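Model, not experiment: these values are computed from the prediction.
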Amino acid sequence: MPVSIHPKTQEAIDLFLNGADCLSRASQFGFKIDLDKLSESKLECKKVLDSIESEIREIDIYKDWESEYGNKLSYEANDQILFLLKKRGYTWDKVTKKGKDAVDKEVLTKIDIPFTQKLLRWRKFNKLLNTYFRGIEAETINGYVHTNFLLHSTVSGRSSSTDPNFQNMPIRDKEQGKYIRSLIVPRGGCHIVELDYKALEVYIATCYHRDPTMIKYNTDPTTDMHRDASMDLFKVPIEEMSDKIRYFGKNKFVFPVFYGSIPENCAKALWESVDGCALKNGTPLRLHLNQNGLADYDSFLAHVKSVYNKFWNERFAVYTKWKEKWYWKYRDNGYFDSYTGFRYSGEMKRNAVLNYPIQGSAFHCQLWSFCEITKRLDKLGMKSRLIGQIHDSIIANVPECELEAYIKLAKEIMTKELMAHWKWIIVPLEVEADVSPVNCSWFEKKKYKI
DNA sequence: TGTTCATGG
DNA sequence: TATCCATGAACA
């Protein structure tokens with residue numbers, strides 16, 4: 001049976017009807033594009049791409065292709081890239097889902113020769129040009145883009161966005177982020193304001209499993225689950241924990257494990273993160289591990305397994321019990337119901353059964369807030385307008401004179417009013433604000449003290 | 001059309 | 001059964 005999601009309560013029906021209405025109003029309002037910047041940046045990007053191409057043509061590995069086949073190498077034909085690298089004797093382990101050798105960013109980064117370096121840079125600018133610039137340009141009408149926000153296209157009950165996708169504009173890579181987000185600007189005399197829920201999915205998960213340890217992490221600001229997990233993983237005492245070590249603990253262990261990863265897979269990624277990390281006192285992490293009985297991969301793997309067992313069986317034992325109960329209830333019934341009133345049915349993998357209700361409900365919190373903010377802005381006769389949302393954040397165009405009022409209102413709705421509406425939310429939700437200076441782009445947003 | 005890659009949460 | 005969700009571009 002195919003996987004499906006249906007609203008089971010009147011409240012859930014209303015949420016999606018109001019949601020569809022408010023999201024389409026945001027689409028209709030649209031976001032403004034800096035047209036001069038668009039054509040200028042596009043040209044600049046093309047120039048960069050041209051110069052990378054001429055540099056690649058000078059590299060001997062590239063010449064292998066032309067001398068062998070007499071035609072032009074296609075930088076996006078992975079078979080061709082693979083052929084050239086293999087011919088030069090490079091080997092690696094990573095494979096694609098279908099078992100072929102992968103030639104993705106991770107693999108090319110590790111090979112680290114001029115050819116792969118240039119190729120990576122080419123891919124980056126090609127992505128900018130052919131996905132982002134092209135997508136925005138194709139959908140710009142009189143200087144505005146009216147993205148679609150869909151409520152019917154995901155299995156988890158989240159939204160999606162198309163033409164162009166507003167939900168995957170570059171930000172992690174600053175250079176790419178600058179090219180694209182600089183194009184998205186507020187209307188005259190306005191700010192772009194983005195309000196983000198802090199760790200929303202983690203908090204919503206807590207509402208389902210109600211693990212007391214996690215409740216403590218979510219409510220006591222002196223605690224930090226990523227720090228604690230990282231201390232265990234690398235045997236680092238609290239006073240020597242660095243941001244970088246915590247970063248790897250968080251992103252290579254805690255999050256993967258919440259999504260259902262296993263210690264064997266985490267250990268590999270963690271082990272590769274060690275070089276380049278140091279304790280606060282300057283000791284290289286590799287040296288620190290050597291001195292603490294974790295000098296080789298086998299002992300590190302055994303250690304990660306024991307941290308994993310402690311993580312699920314001791315620290316989050318109640319969470320673990322919830323996972324078992326939730327999954328077996330699904331096995332018995334063939335469906336499960338979210339706290340937001342949606343029924344998920346059909347054949348689902350274990351990890352999906354455990355993740356969909358959390359991912360879906362987290363989004364529903366944002367959607368409820370999105371609708372409520374839209375309604376209240378109307379009612380109060382304010383000029384601020386919502387222009388989009390990205391799973392756990394809400395983006396608005398806000399006149400300078402309404403900045404404080406908008407943030408106060410939206411924050412109140414997203415935290416207090418939402419929690420009054422849904423009593424099952426048992427940990428205090430928090431939001432963070434980013435604001436662009438008046439008339440400045442989305443790229444220039446800065447943390448804003450609420 | 002399915003696969004792989006890249007972007008975001 | 002083993003890391004969840006999405007869109008979009010290009011190749012084969």
Query raised in the report: With sugar-phosphate meaning primed atoms plus P, OP1 and OP2, does A/Q176 contact a base, only sugar-phosphate, or nothing at under 4.0 Å between heavy atoms?
Result: sugar-phosphate

**Report entry** Presence of A/K98 side-chain N/O under 4.0 Å of B/dT3 phosphate oxygens OP1/OP2
**Finding:** yes

Requested in this report: Would you indicate which nucleotide in B/dA6, B/dG9, B/dT4 comes nearest to any side-chain atom of A/K127?
Outcome: B/dA6

Query raised in the report: In whole angstrom, what separates A/F149's CZ from B/dG9's C1'?
Result: 13 Å

Report task. For ring pair (Phe, Tyr, Trp, His ring centres under 6.0 Å), just list the numbers for A/F258 and A/F311, CA-CA rounded to whole Å, side-chain angles, deciding distance to a tenth of an Å, and then say yes or no. Result -> CA-CA 11 Å; A/F258 281 154; A/F311 190 86; 5.7 Å; yes

**Report entry** Any donor-acceptor N or O pair under 3.5 Å, side chains A/T109, A/E106
**Finding:** no

Requested in this report: Please check the phosphate of B/dT4 (OP1 and OP2 only) for any side-chain N or O of A/T96 closer than 4.0 Å.
Outcome: yes

Report task. Report the residue from A/T9, A/I13, A/I5 that forms a side chain to side chain contact (heavy atoms under 4.5 Å, CB included) with A/F342. Result -> A/I5

Report task. Find the distance A/Q389:CD to B/dG8:C1' and express it as a whole number of Å. Result -> 12 Å

Query raised in the report: Under a criterion of less than 4.0 angstrom to any heavy atom of chain A, what are the 5'-terminal and 3'-terminal contacting nucleotides of DNA chain C?
Result: C/dA2 to C/dA12

Report summary line: A/R134 atom CZ is separated from B/dT7 atom P, nearest whole Å, by 17 Å

Report task. Under 4.0 Å between any heavy atoms, over every strand shown, what does A/S393 touch: base, sugar-phosphate, or nothing? Just pick one. Result -> nothing

Report task. Looking at every strand, decide which applies to A/V257 at a 4.0 Å heavy-atom threshold: base, sugar-phosphate, or nothing. Result -> nothing

Query raised in the report: Got a salt bridge between A/D232 and A/R315, using NZ or NE/NH1/NH2 to carboxylate O under 4.0 Å?
Result: yes

Requested in this report: Have a look at A/R158 and say if it touches a base, only the backbone sugar-phosphate, or nothing, with a 4.0 Å heavy-atom cut-off.
Outcome: base

Report summary line: A/Y197 atom OH is separated from B/dG8 atom P, nearest whole Å, by 23 Å

Query raised in the report: Is the charged tip of A/K105 near the ring of A/W122: under 6.0 Å from the six-membered ring centre and within 45° of its axis?
Result: no

Requested in this report: Indicate, with a heavy-atom threshold strictly under 4.0 Å, whether A/L354 touches base, sugar-phosphate, or nothing.
Outcome: nothing

Report task. Would you classify A/Y356 as touching base, sugar-phosphate or nothing, given that sugar-phosphate means primed atoms plus P, OP1 and OP2, and contacts are heavy atoms under 4.0 Å? Result -> sugar-phosphate

Report task. For the residue pair A/Y144 and A/H146, categorise the inter-ring angle as parallel (less than 30°), tilted (30 to 60°) or perpendicular (more than 60°). Result -> tilted

Query raised in the report: Can you tell me if the side-chain N/O atoms of A/K105 get under 4.0 Å from OP1 or OP2 in B/dT7?
Result: yes

Requested in this report: Scan side-chain atoms only and decide if A/N130 and A/N126 contain a donor-acceptor pair under the 3.5 Å cut-off.
Outcome: yes

Query - Atom-to-atom span, NE2 of A/H391 to P of B/dT7 - whole angstrom - result: 16 Å

Report summary line: Among B/dG9, B/dT7, B/dT4, the one nearest any side-chain atom of A/Y132 is B/dT7

Query raised in the report: Which part of the nucleic acid, if any, lies within contact of A/S74, taking any heavy atom under 4.0 Å across all strands shown: a base, the sugar-phosphate backbone alone, or nothing?
Result: sugar-phosphate

Report task. Provide, to the nearest angstrom, the distance between the OH atom belonging to A/Y179 and the C1' atom belonging to B/dA6. Result -> 18 Å

Report task. Identify whether any heavy atom of A/N355 sits under 4.0 Å from a base atom; if not, whether one sits that close to sugar-phosphate; answer base, sugar-phosphate or nothing. Result -> sugar-phosphate

Requested in this report: With heavy atoms under 4.0 Å as the rule, sort A/E76 into base, sugar-phosphate or nothing.
Outcome: sugar-phosphate

Query raised in the report: Counting any heavy atom closer than 4.0 Å, what does A/A102 reach on the DNA or RNA strands: base, sugar-phosphate only, or nothing?
Result: sugar-phosphate

Query raised in the report: Is a side-chain donor-acceptor pair under 3.5 Å present for A/Y197 with A/S369?
Result: yes

Report task. Using only side-chain N and O atoms of A/Q167, determine if any of them is under 4.0 Å from OP1 or OP2 of B/dT7. Result -> no

Query raised in the report: Does A/K329 make a cation-pi contact with A/W326 (under 6.0 Å, within 45 degrees of the axis)?
Result: yes

Query raised in the report: Touch check for A/N126, heavy atoms < 4.0 angstrom, all strands: base, sugar-phosphate only, or nothing?
Result: nothing

Report task. For C/dT3 versus C/dT7, give the span between their P atoms, rounded off to a whole number of Å. Result -> 23 Å

Report summary line: Rounded to whole Å, the CZ-C1' distance (A/F258 to B/dG9) equals 17 Å

Query - Whole-Å distance separating the CZ atom of A/R181 from the P atom of B/dT7 - result: 13 Å

Report task. Determine the contact category for A/R172: base if any of its heavy atoms lies under 4.0 Å from a base atom, sugar-phosphate if only primed atoms, P, OP1 or OP2 are that close, otherwise nothing. Result -> base

